[in-house]
Amino acid sequence: MGRCVSPFKTSPQATTWNAMHDVWRAADDMEIFESGWTSDHLQAMHGAEPDVPRLDGWITLAALAQATRRLRVGTLVTGIHYRHPAVLANMAVTLDVISGGRLELGVGAGWNHEEARAYGIELGSPGIAATASRRRVRC
């Protein structure tokens, strides 16, 4: 029988850097956790007040990758429309190098129209967004 491993997720919202750092360092020492995930949103989410602090998901992930030694790291998930695909690819390659090859890249079509409008990003309908994602991401 194989060993049971699990991912964990922390949100960079309504927390502090020190608190996230401490959770990830502790999880890195627990064999049950094989990966750690954070979210990639640009503003407070899930009904939180707009002034709730929110750290950037990718910058936070880069720092957490340096603070850990074995956890695979990633965001759940990065909306392809937030960054030009070439910029996102460069970010991902850089973080993969920094983390020693531990990045898991999750890319999605995006869904939060309110967030996109606040940043002047055009999402389009879910079907259009999904089609655009498939055109932008080629594996």
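On a predicted model such as this, the values are computed, not experimentally measured, just so you know. Residue numbers run from 1 in the order of the sequence given.
Every side-chain contact (heavy atoms from CB on, under 4.5 Å) that Ala19 has, sequence neighbours left out, goes to Thr15, Thr16. Looking at residues two or more places apart in sequence or on another chain, you find a salt bridge (charged side-chain N to carboxylate O under 4.0 Å, His left out) between Glu104 and Arg72. Evaluation of the side-chain hydrogen bond (donor to acceptor under 3.5 Å, both in side chains) rule for Glu115 yields His41, Tyr82 as partners, not counting sequence neighbours. Partners of Gln66 by side-chain hydrogen bond (donor to acceptor under 3.5 Å, both in side chains), not counting sequence neighbours: none found. Checked against ring pair (Phe, Tyr, Trp, His ring centres under 6.0 Å), His21 has the following partners two or more places apart in sequence or in another chain: Trp17. In this structure Arg102 satisfies the salt bridge (charged side-chain N to carboxylate O under 4.0 Å, His left out) test with no other residue, sequence neighbours excluded. Applying the side-chain contact (heavy atoms from CB on, under 4.5 Å) criterion to Val23, with sequence neighbours excluded, gives Phe8, Thr10. Residues meeting the side-chain hydrogen bond (donor to acceptor under 3.5 Å, both in side chains) test with Thr78, sequence neighbours left out: Asp40, Trp58, Thr75. Arg25 is linked by a side-chain hydrogen bond (donor to acceptor under 3.5 Å, both in side chains) to nothing, counting only residues two or more places apart in sequence or in another chain.
No donor-acceptor pair under 3.5 Å is formed between the side chain of Arg54 and the backbone N or O of Leu42.
Counting side-chain heavy-atom gaps under 4.5 Å among Ile, Leu, Val, Met, Phe, Trp and Tyr, the cluster of Leu76 also holds Trp37.
Between atom OG1 of residue Thr38 and atom CE of residue Met20 there is a gap of 4.0 Å, rounded to the nearest 0.5 Å. Expressed to the nearest 0.5 Å, how far OG of Ser11 lies from CG of Leu55 amounts to 9.0 Å.
Sorted by first and then second residue, the salt bridge (charged side-chain N to carboxylate O under 4.0 Å, His left out) pairs with a member in residues 9-20 form an empty list; sequence neighbours excluded. For residues 85-96, the set of pairs meeting the side-chain hydrogen bond (donor to acceptor under 3.5 Å, both in side chains) definition, not counting sequence neighbours, is empty.
A salt bridge is defined here as a Lys NZ or Arg NE, NH1 or NH2 lying under 4.0 Å from an Asp or Glu carboxylate O, and Asp29 with Arg69 meets this definition.
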